[in-house]
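Every chain is numbered from 1 and lettered A, B, ... according to where its sequence line falls, protein lines coming before strand lines.
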Amino acid sequence: MIRTRFAPSPTGYLHIGGVRTALFCWLFAKKSGGKFILRIDDTDQQRNVEQSLRPILDGLRWLGIDWDEGPEVGGPYAPYYQSQRLEQHRAAVERLLATGAAYHDYATPEELQAEREMAQREKRSFVYSRRFMAETAEQQARFEAEGRRPVVRLKMPREGKLVIDDLVRGQVEFDWAQEQDHVVQRTDGSCLYHLASVVDDHDLAITHVIRAEEHLSNTPRQVFIARSLGYELPEYAHLPYVAEPGSKNKLSKRKLAKYLKNRDFAQRFEHGRKIAQTVGLDTTPEAFNPVIVDFYRQVGYLPEAIINYLALLGWSLDDKTEHFTRQELLESFSLDRVIKSPASFDPAKLWAFQDRHMQQLPIEQKVAMVLPYLQKAQLVTAPPPSNVEPKLATILQAAGDRIKTAGDILEYDYFFLPDDRLHYDDKAFDKRIRKADAAGLLAKFKNQLAAAEPFDTETLEKLMHEFVASEGIKIGRIIHAVRVAATGRSIGLGLFDTLAILGKPSCLRRIDRALERL
RNA sequence: GCCCCCUUCGUCUAGUGGCCCAGGACAUCGGAUUCUCAGUCCGAAGGCAGGGGUUCGACUCCCCUAGGGGGUACCA
């Protein structure tokens, strides 16, 4: 049984790169009927773990990356919080000490630093002299008499090689002599991450450690710990990290300002910000940032699109397949087709996936996605009046692929605004009505509309063509004017759909209002 | 400094010695279609980091250089 884990720290947000790692772990486990475990590495978090974890848990759930064991779902290997496993970590350190794989060290930081600098000056790698190593009680007593306090260090091998068969990188070799005698337990008795991680992975029966490549260099010390503890080694797979748009630096939440200089990034951000603001969300970089998964949830992206995009960020099936459902991913994913080099996050490409997945979404589901945005913008009450959902379905039908994220519905607020609260875009009004000298035509066309029966798309289209023919004008002269009069804007859905959805009374009132405005 | 990893169009990638004067996708730029917008269709431009080998033949194998990343913490 394959068991993989994702082990986030409770940082308060779910990073897009972290999601990619979680996704690969999830896919790998699930495709073979294994288990995906969520473990919380909260050893250095003092407070508010619950609160800092919330966005991570919610984000993963929203994306459909569900965990078989972990917070809120429990499991046979509980607890799944690293902070609740301290006893096991300490016990492991004791065993390391007992078998001679680790020792008490009484060197001061300054003494160590001096050795390090010496090594650097001599252009060789630093290896601790073990001058303050204490392996017996007598040695310990002597150092303690000098007022020194110990840490526990690994007694790493000083010869030979370690060969790791990494599932994405192939064979990677390390010289043991290059490794440090890393600290595993601090003076205050607390344990360090690598020790805790190895012990927890073993205790949770993790078979495959799939994680970011920043841990590749850390693997030797972890292998040493695991071996010394008599553990069977897990398989390792080190994933490349997700890089910034247009560079190979690691994607970072803190560099939003820099990323916004990238045109695509800025466009997607602006699009999202407009939506977030109209529904009253916090749009500070802390809360609203395209590097964080919440951004996409708030703007109304589809989890399926994000999953599809992220899966292809560092993995591919072949030279042409790009569109994957979750099920298809589960069927075709494999670690050996994971790329070794970092991949830049490209918001424009994510957008293209969003567009495609949205186009394929059935109307009823779009209605359900979009409705909350109208409610948050106070254009529709909650629960909605009975006519709203059918109306929304019609709008979405007419909108076709113009609505690319759920929040885009807010572009069409004019379908929900009372006629007397319709806002006119001044530029559009000026150009298409005032300068176009369209008042007379509008008034005439309004009379035609008043007589239209039934008031549906086909009838209105026919009406318009007859009108244009009888007036001997180009259709452009009237059609844009009508659009601006009815919606306040110069762009939108097909005009006849728009008018039909608005209904006759609204259309007439809005044209009147536009004429009065002149 | 030392160790490890990585390097194909702007970006994501296909490519495991001849199928490649390198294929697809996003983005870009043209053109067509439409009442605007979105889309759709057609087309264009754009790349094997550099240098040495090996080979009849190299994007593919080897070496070197350069660039990027990670580790080298009583961080995770």
Side-chain angles (χ1 to χ4, degrees), chain A residues 7-9 11 41 43-44 82 105 109 112-113 116-117 119-127 149-153 164 166 169 172-175 177-180 182-188 190-194 196-197 212-221 238 240-241 243 245-250 262-264 309 312-323 337 339-353 355 359 399-404 408 411 428 432 461 464 468 474-480 482-484 487 489-496 498:
Chain A
S9 291
T11 51
D41 283 6
T43 43
D44 69 341
Q82 202 156 61
D105 181 57
L112 240 19
Q113 189 52 29
R116 255 191 279 271
E117 281 168 13
Q120 194 165 130
R121 249 177 279 125
E122 294 169 6
K123 300 194 180 202
R124 57 174 171 81
S125 54
F126 164 63
V127 181
R149 305 289 300 143
V151 294
V152 177
R153 279 183 193 282
I164 294 167
D166 189 282
R169 270 148 220 282
V172 184
E173 293 191 5
F174 298 89
D175 280 325
Q178 296 290 342
E179 293 295 315
Q180 311 299 314
H182 300 283
V183 174
V184 287
Q185 189 172 41
R186 301 182 178 93
T187 309
D188 68 6
S190 61
C191 296
L192 277 94
Y193 167 78
H194 293 291
S197 185
E213 73 169 303
E214 63 204 78
H215 285 295
L216 182 58
S217 302
N218 296 328
T219 306
R221 76 183 83 159
H238 288 94
Y241 59 90
S247 112
K248 291 298 178 198
N249 296 321
K250 198 161 144 187
N262 172 294
R263 186 178 48 97
D264 295 332
Y309 170 70
L312 258 10
L313 201 59
W315 173 85
S316 69
L317 176 63
D318 54 34
D319 59 340
K320 43 181 72 70
T321 319
E322 291 248 306
H323 190 276
R337 289 198 61 85
I339 205 81
K340 295 184 179 75
S341 51
S344 300
F345 176 67
D346 180 358
K349 188 145 186 172
L350 203 201
W351 180 253
F353 279 96
D355 190 4
Q359 286 187 34
D401 36 41
R402 290 174 181 87
I403 291 187
K404 298 185 188 302
D408 287 344
E411 295 281 325
R432 316 248 69 147
E461 181 155 16
M464 172 64 84
V468 164
K474 279 191 165 173
I475 195 165
R477 275 205 62 200
I478 179 68
I479 206 161
H480 298 301
V482 174
R483 179 191 301 285
V484 172
T487 70
R489 303 189 193 162
S490 57
I491 58 172
L493 316 183
L495 180 67
F496 310 112
T498 303

Query raised in the report: Rounded to whole angstroms, how far apart are NE2 on A:His215 and P on B:rG69?
Result: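 After rounding, the gap between these two atoms is 18 Å.
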Query - Atom-to-atom span, CD1 of A:Ile339 to P of B:rU8 - whole angstrom - result: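 It works out to 9 Å between those atoms.
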Report summary line: For nucleotides 63-68 of chain B, 5' to 3', base contacts (B), sugar-phosphate-only contacts (S) and non-contacts (-) with protein non-hydrogen atoms under 4.0 Å give -----S
Query - Pairwise side-chain contact, A:Tyr193 with A:Asp41, heavy-atom cut-off 4.5 Å (strictly under) - result: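 In contact.
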Grab the N/O contacts between the protein and nucleotides 27-30 of chain B below 3.5 Å, and write none if there aren't any.
from	atom 1	to	atom 2	distance (Å)
B:rA27	O2'	A:Arg263	NH2	3.4

**Report entry** Among B:rA76, B:rC35, B:rG1, the nucleotide that comes nearest once only the side chain of A:Ile475 is considered
**Finding:**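 The answer is B:rC35, which lies nearest to the side chain.
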Query - Out of B:rA38, B:rA14, B:rC35, whichever nucleotide has its closest atom nearest the side chain of A:Asp319 - result: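 When the side chain of A:Asp319 is considered, B:rA14 is the closest of B:rA38, B:rA14, B:rC35.
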Query raised in the report: Touch check for A:Arg477, heavy atoms < 4.0 angstrom, all strands: base, sugar-phosphate only, or nothing?
Result: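 If one applies the 4.0 Å heavy-atom cut-off, A:Arg477 turns out to touch nothing in the nucleic acid.
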Donor-acceptor pair under 3.5 Å: do we get one between [X]'s side chain and the base of [N]?
X: A:Arg483; N: B:rC35; value: yes
X: A:Arg124; N: B:rC2; value: no
X: A:Thr187; N: B:rC74; value: yes

Query raised in the report: Can you tell me if A:His238 and A:Arg169 form a side-chain donor-acceptor pair at under 3.5 Å?
Result: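 Side-chain D/A pair, A:His238 to A:Arg169: absent.
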